[in-house]
Each structure stands twice: as C-alpha cells, then as structure tokens.
Amino acid sequence: MPLYQNQPLHIYNSLTGKKERFVALNDGYVGMYVCGPTVYSNVHLGNCRTFMSFDMIFRYLRHLGYKVRYVRNITDAGHLVDDAEDGEDKIAKKARLEKLEPMEVVQRYTVDFHTILEKFNFLPPSIEPTATGHIIEQIEIIKDILAKGYAYKVNGSVYFDVAKFNEKATYGKLSGRKLEDMIANTRALNAQDEKKNPQDFALWKKAEPQHIMRWPSPWGDGFPGWHLECTAMSTKYLGETFDIHGGGMDLKFPHHECEIAQAEASYGKSPVRYWMHANMLTMNGKKMAKSTGNNILPGEIFSGENKVLSKAFAPSVVRFFMMQAHYTSILDLSDEALLASEKGYQRLMEAVSQIKGLETGEKSDFDVNAWIAQCYSAMNDDFNTPVLIAHLFEAVKHINLIKKGEATLTAADKQLLTDTVNAFVFDVLGLQLHEESQANSEQLSGVVELLIQLRMEARANKDFATSDTIRDQLAALGIQLKDGKEGTTFTVL
RNA sequence: GACAAGGUGGCUGAAUGGUUAAGGUGGCAGACUGCAAAUCUGUUUUUACAGGUUCGAAUCCUGUCCUUGUCUCCA
C-alpha cells in the first residue's frame with residue numbers, strides 16, 4: 001500500500017487562502033506544473049529558492065508513493081522588454097547586445113541553469129518543454145479563445161478581452177484584485193491605443209521588421225504573448241485540469257491570473273486545483289538587485305568570489321539553509337545565517353554518517369515510531385521542512401547519546417531509524433554527504449597522516465611549539481585536525 | 001495609492017487561541033585537551049507598536065509603523 005494512503009497531506013492553496021487536504025485528481029497520480037526560468041541571463045539565487053521548494057515538494061510527493069509528472073518549462077521567447085516602445089523581445093534584445101543569435105543566448109543560459117541546479121542536487125523534471133517548441137499549440141489556443149469571443153484582433157496582434165471575460169467569470173480571484181479597482185487605479189494610457197482596456201493582455205503580438213524571433217500565424221508574423229506558453233504547455237502535458245501549479249509569489253499577478261483567464265476562456269473550467277506560491281529571498285534584509293549591488297549569483301556562493309560572504313559555501317549548505325525556512329516565508333540570506341547553517345548541516349551529517357556504526361542493545365530509549373510519525377506530520381502540514389529538520393536534530397541528539405553509551409537502541413529500531421533518516425535527509429530534503437569531493441587522494445592523506453604522526457611524537461616529548469606549528473599550518477591550508485580518544489583524524493574544510 | 005506575503009531572541013527561523021514559544025547558530029558554563037580546535041552536555045534572551053475580543057492571544061479584530069512582492073517582463 002502506498003504511503004500516501006496513510007499520510008493525509010495538507011497544502012496551502014493560494015487560491016482559497018486556506019490549508020486544504022490534498023486529494024489527487026487521479027488516484028495515485030499527481031500532475032504538477034512550475035513556471036520555469038527565462039533564459040536570458042544567469043539564473044539568480046531567488047529563482048533557485050523557488051525551484052528548490054518545488055524540487056522538495058516533487059521529492060516528497062514521490063516519497064509518498066505518487067507517480068508525479070512534474071513539468072517545468074524553459075521560457076525562451078515571448079517576453080517583451082517594453083511593449084509600448086519597441087515591442088522587442090527580451091531575448092532578442094540581449095542577443096543584439098552580445099552579438100549573438102537569440103538561440104545562442106538561450107542555449108548558453110539554459111546550460112548555466114542546468115549546471116547550477118545539478119550542483120544543488122535537483123531532480124530533473126519529468127518534462128522540460130520550451131516555449132518556442134510549442135508555438136503551434138499556442139496558436140490553437142488563441143484561435144479557440146477568439147472563436148469563443150474572449151479576444152480581439154488589432155493590427156496583426158491579438159488581445160485577451162478582460163472586461164468581456166469578467167462578465168461571466170471573475171478576473172482577479174487569485175490575486176485578490178477587483179477589475180473595477182484596477183481600472184480605477186490605472187493612470188493615463190500611453191501608446192496603448194491598440195487595447196480596448198489597459199488590463200487586456202496580448203495573446204499574440206505582431207513582430208516588427210527588426211524583430212528576430214518570429215513565427216507565421218493566421219494574424220501575420222509575430223510571437224506569442226507572455227502568459228500563453230504556460231497554459232499551452234501545462235494543458236498539453238497535464239490536461240485541462242491538473243493538481244498543482246507552482247511558481248514564485250511575484251508571478252501571482254498578472255501571470256497566473258492570466259493563465260486562469262486563458263484556460264477558463266478556452267476550456268470553460270478552472271485549470272488548477274492547488275495553487276502554490278513560494279516566497280522571496282532577500283539578502284541582508286533588503287531585496288536583491290543588480291543595480292544596488294545587493295546581489296549574488298549561485299556560482300559566487302560556491303566559489304566564495306564575492307564581497308557579501310566571508311567564505312565559500314557548499315551547495316548542500318545553501319540547500320540546508322533554504323530548507324530551514326518554510327517555503328511561504330520570506331527568507332533572508334546573510335553571511336552570518338549561512339555560517340550558522342553550515343555548522344548545523346555539518347552536525348546533522350556527522351550524526352547521519354554515525355548511525356551505521358551504532359551498537360544495538362536489548363531495549364530502545366528512543367521511541368522511533370513516534371518520532372517517525374512526527375516527521376511525517378511535519379511534512380504533511382504543507383511541507384513544513386523547518387519542523388522536519390527540528391525533528392531530525394532530536395534524532396541527532398539520541399544518536400550522540402547512543403554513541404556515548406548513555407542510551408541504547410534495538411536492532412529493529414536502528415534499522416527503522418536508518419531508513420527514515422536516509423529517506424528524509426537524502427531523498428526528500430535532497431542533501432548530500434561529502435560533496436566537497438575534497439582532494440582525499442591517497443597522496444594527501446598519506447602526507448597528513450605523516451604530519452599527524454610527527455605531531456604525536458612532538459606532543460609525547462612535550463615539544464608543543466612543534467606540535468602547534470603543525471596543527472596551525474595545516475589549519476591555514478584548510479586541513480583541520482581532530483583529536484579524539486582513538487587518535488587524530490582530519491577533515492578538509 | 002491599491003492588492004498580496006511577511007514583522008518572533010545577538011543572528012536565522014518554527015509554532016495560528018490553552019501548561020516552561022520548536023530547532024539551528026551565537027554567548028556563557030562544564031566534560032575532553034598540554035592549551036586549543038572538533039565533539040558532547042547544560043544554560044541564557046524574544047512575539048513591531050497601540051487598542052480591543054476572550055477565563056486565556058505570537059495566533060482573532062481595529063488602527064499605526066516597517067520590510068518584500070505585484071500593479072509593464074520577472075521566481
């Protein structure tokens with residue numbers, strides 16, 4: 001029997017503002033769509049946080065025994081830089097600046113995106129479709145919406161008629177906005193004469209002659225509107241109604257609102273059962289922005305090549321840092337916070353790697369079954385990873401006690417503990433052990449062992465000047481000696 | 001301005017009406033050590049502000065302030 005039948009999962013649904021019991025549309029299967037990156041520059045850390053939250057959600061759903069089809073798109077066309085001025089595609093603009101073909105830009109940053117995600121130990125989505133690969137599907141949806149009267153053509157462009165849609169449905173139900181308020185708050189129109197209403201959004205945009213990315217359509221050469229790709233790809237792979245749609249908080253309006261409108265106009269029903277929004281990442285209490293310099297790229301954290309941090313941090317440390325916060329909270333990144341997470345991460349992993357060697361006894365001082373139930377109940381409560389981690393540290397405490405011989409565990413409980421810890425730490429949270437691949441070559445360990453030997457001899461002779469020199473010089477090289485009861489070991493930091 | 005998400009200890013961050021507000025980290029103390037580090041144990045401090053509802057509020061209501069997001073593409 002799959003786990004999910006015994007684990008009542010609850011999800012905070014942004015559409016209703018409530019935590020709801022999750023019931024899959026088709027028993028045992030989950031369809032999940034997450035808005036992917038626009039590949040016109042390096043993926044930034046806030047992006048990573050959102051995708052990491054959904055990676056964890058994907059992992060937990062799988063752990064529960066669901067067959068999950070996880071679709072995360074690549075936006076490689078269709079976003080306007082400034083629709084009032086030049087109507088230039090964001091990717092096309094960047095290409096001109098860098099003297100590259102648009103698809104060359106797309107390729108470069110798609111590779112960057114995948115490289116970073118791989119370092120963070122992301123699972124690949126089931127399908128990673130591109131917007132440019134689904135132009136035909138998008139055109140079909142536009143035709144359909146036009147035929148149903150919720151869109152209109154102007155000069156080779158097609159716009160969604162929000163006011164018309166709002167007569168029979170509700171535009172703004174996801175973001176809590178009212179169309180009347182939006183109209184009242186709209187400032188004077190600039191060059192938006194084409195639209196009947198400033199709230200209308202483009203389904204198809206006419207391409208000006210200088211526009212490089214363009215496709216033929218019944219309305220002339222152009223490119224699809226910026227909200228349409230997600231509707232086209234999600235419905236193509238997951239159906240007209242599917243279980244979970246995720247994305248960053250910033251996409252709630254207008255992007256997700258428009259997705260709902262498009263799907264309802266075309267298919268006549270609400271596309272998504274559970275809307276999930278991940279919150280933002282700030283740095284040193286302020287928003288990240290390239291313009292103010294309060295910005296950091298993932299690669300700069302891994303290398304330590306930046307002004308914000310005192311040192312480099314491993315991807316798993318960053319992952320652990322992010323998992324310590326709930327995905328719906330704003331998370332603030334700082335050097336101090338990362339240092340704290342690094343220590344906690346190391347302590348957790350140290351204990352995890354000790355479980356195997358624990359001796360077993362006649363009875364258990366630790367109620368493993370009750371503890372497992374607490375772990376699941378944390379995750380079932382809207383994927384509460386911070387609480388799960390708190391429970392993991394309870395286990396750490398017991399592991400250390402057992403190691404010291406101050407508590408015991410039966411063989412059966414030890415097996416249970418091992419399986420559960422591994423499942424949550426590695427499968428669900430996606431953390432990794434010893435990823436630093438530290439130059440643990442035989443040569444290095446041979447040299448260090450030799451120095452440890454020399455230091456031991458110096459200590460035996462009470463030549464502490466020599467022994468401390470060895471210790472301190474190695475530390476300066478990033479090699480930490482650890483004196484224990486059973487001799488000295490070392491770690492490459 | 002409107003809408004949305006937040007504001008909890010030195011830092012980070014859980015908990016949505018019910019005994020001493022989780023966990024990590026830091027500080028302090030102890031064990032270990034030649035001294036440290038690492039490790040282990042113990043301990044310390046807090047619900048933005050002002051009102052209100054309640055036997056009881058971090059949690060619900062009202063107002064104010066602050067942060068972040070959105071209102072043009074954006075995780």
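Letters A, B, ... are given to chains in the order of the sequence lines, protein chains preceding strands, and every chain is numbered from 1.
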Residue mapping more 5' on RNA chain B - nearest nucleotide basis, A/G247 or A/F320:
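In this pair, the answer is A/F320.
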
Hey, which of these two, A/H391 or A/I330, hits RNA chain B nearer its 5' end, going by closest nucleotide?
A/I330

For [X], answer base if it contacts any base atom (sugar-phosphate contacts may also be present), sugar-phosphate if it contacts only those atoms, and nothing otherwise; contact means non-hydrogen atoms under 4.0 Å.
{"X": "A/G36", "value": "sugar-phosphate"}
{"X": "A/K397", "value": "sugar-phosphate"}
{"X": "A/S467", "value": "base"}
{"X": "A/F253", "value": "sugar-phosphate"}
{"X": "A/G46", "value": "base"}
{"X": "A/L481", "value": "base"}
{"X": "A/M280", "value": "base"}
{"X": "A/H326", "value": "sugar-phosphate"}
{"X": "A/L331", "value": "sugar-phosphate"}
{"X": "A/K287", "value": "sugar-phosphate"}
{"X": "A/A325", "value": "sugar-phosphate"}
{"X": "A/D483", "value": "base"}

What orientation do A/Y60 and A/Y376 show, parallel under 30°, tilted 30 to 60°, or perpendicular over 60°?
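Ring orientation, 0 to 90° scale: tilted.
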
State whether the distance check finds a donor on one side and an acceptor on the other, under 3.5 Å, for side chain [X] versus base [N].
{"X": "A/D468", "N": "B/G34", "value": "yes"}
{"X": "A/N384", "N": "B/A15", "value": "no"}
{"X": "A/R471", "N": "B/C35", "value": "yes"}
{"X": "A/R347", "N": "B/U39", "value": "no"}

What nucleotide, of [options], holds the atom closest to the side chain of [X]?
{"X": "A/D332", "options": "B/G34, B/G13, B/G26", "answer": "B/G13"}
{"X": "A/A337", "options": "B/U25, B/U12, B/G10", "answer": "B/U12"}
{"X": "A/Q324", "options": "B/U25, B/U33, B/G24", "answer": "B/G24"}
{"X": "A/R177", "options": "B/C71, B/C74, B/U68", "answer": "B/C71"}
{"X": "A/K404", "options": "B/C40, B/C11, B/G13", "answer": "B/C40"}
{"X": "A/P386", "options": "B/G13, B/C3, B/U25", "answer": "B/G13"}
{"X": "A/H227", "options": "B/C40, B/C73, B/C35", "answer": "B/C73"}

Distance in angstrom units between [X] [atom1] and [N] [atom2], rounded:
{"X": "A/F201", "N": "B/C71", "atom1": "CZ", "atom2": "P", "answer": "14 Å"}
{"X": "A/H398", "N": "B/G23", "atom1": "NE2", "atom2": "C1'", "answer": "14 Å"}
{"X": "A/K173", "N": "B/U70", "atom1": "NZ", "atom2": "P", "answer": "23 Å"}
{"X": "A/D335", "N": "B/U25", "atom1": "CG", "atom2": "P", "answer": "17 Å"}
{"X": "A/L251", "N": "B/C73", "atom1": "CG", "atom2": "P", "answer": "12 Å"}
{"X": "A/D382", "N": "B/A14", "atom1": "CG", "atom2": "C1'", "answer": "13 Å"}
{"X": "A/K482", "N": "B/C32", "atom1": "NZ", "atom2": "C1'", "answer": "15 Å"}
{"X": "A/L388", "N": "B/G24", "atom1": "CG", "atom2": "P", "answer": "14 Å"}

In whole Å, measure the gap between the [atom1] atoms of [N] and [M] for me.
{"N": "B/U12", "M": "B/U19", "atom1": "P", "value": "27 Å"}
{"N": "B/U41", "M": "B/U54", "atom1": "P", "value": "46 Å"}
{"N": "B/A14", "M": "B/G9", "atom1": "C1'", "value": "13 Å"}
{"N": "B/A15", "M": "B/G7", "atom1": "P", "value": "10 Å"}
{"N": "B/U8", "M": "B/C66", "atom1": "C1'", "value": "15 Å"}
{"N": "B/G23", "M": "B/A2", "atom1": "P", "value": "41 Å"}
{"N": "B/A21", "M": "B/U45", "atom1": "P", "value": "11 Å"}
{"N": "B/U59", "M": "B/A37", "atom1": "P", "value": "42 Å"}

Would you tell me if any nitrogen or oxygen in the side chain of A/H255 comes within less than 4.0 Å of OP1 or OP2 on B/C74?
yes

Indicate whether OP1 or OP2 belonging to B/A5 is found under 4.0 Å from a side-chain N or O atom of A/N279.
no

Quick check: [Y] with [X] (ring centres under 6.0 Å apart)?
{"X": "A/F302", "Y": "A/F120", "value": "yes"}
{"X": "A/F113", "Y": "A/F51", "value": "yes"}
{"X": "A/H256", "Y": "A/H227", "value": "no"}

Please check if any side-chain donor atom of [X] sits under 3.5 Å from a side-chain acceptor atom of [Y], or the reverse.
{"X": "A/Y33", "Y": "A/N73", "answer": "yes"}
{"X": "A/N279", "Y": "A/T328", "answer": "no"}
{"X": "A/E449", "Y": "A/Q453", "answer": "no"}
{"X": "A/E194", "Y": "A/Y159", "answer": "yes"}

Could A/R72 and A/F54 be counted as a cation-pi pair, given that NZ or CZ must be under 6.0 Å from the ring centre and within 45° of the axis?
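That pair does not qualify as a cation-pi contact.
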
Quick one: stems for RNA chain B, with Watson-Crick or G-U pairs under 3.5 Å, at least three in a row?
B:1-7 with B:65-71, B:10-12 with B:23-25, B:27-31 with B:39-43, B:48-52 with B:60-64

List for me each residue that meets ring pair (Phe, Tyr, Trp, His ring centres under 6.0 Å) alongside A/F160, sequence neighbours excluded, and say none if there are none.
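In terms of ring pair (Phe, Tyr, Trp, His ring centres under 6.0 Å), with neighbours along the sequence ignored, A/F160 is linked to A/F165, A/F201.
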
OG1 on A/T420 to NE2 on A/H391, rounded to 0.5 Å
13.0 Å

Check salt bridge (charged side-chain N to carboxylate O under 4.0 Å, His left out) between A/D468 and all other residues, then give those that pass, not counting sequence neighbours.
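Salt bridge (charged side-chain N to carboxylate O under 4.0 Å, His left out) check on A/D468 returns A/R471.
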
Would you please determine if the base of B/A75 is stacked by A/F51, with stacking meaning a centroid separation under 5.5 angstrom and planes under 30 degrees?
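No; by the centre-distance and plane-angle rule, A/F51 does not count as stacking on B/A75.
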
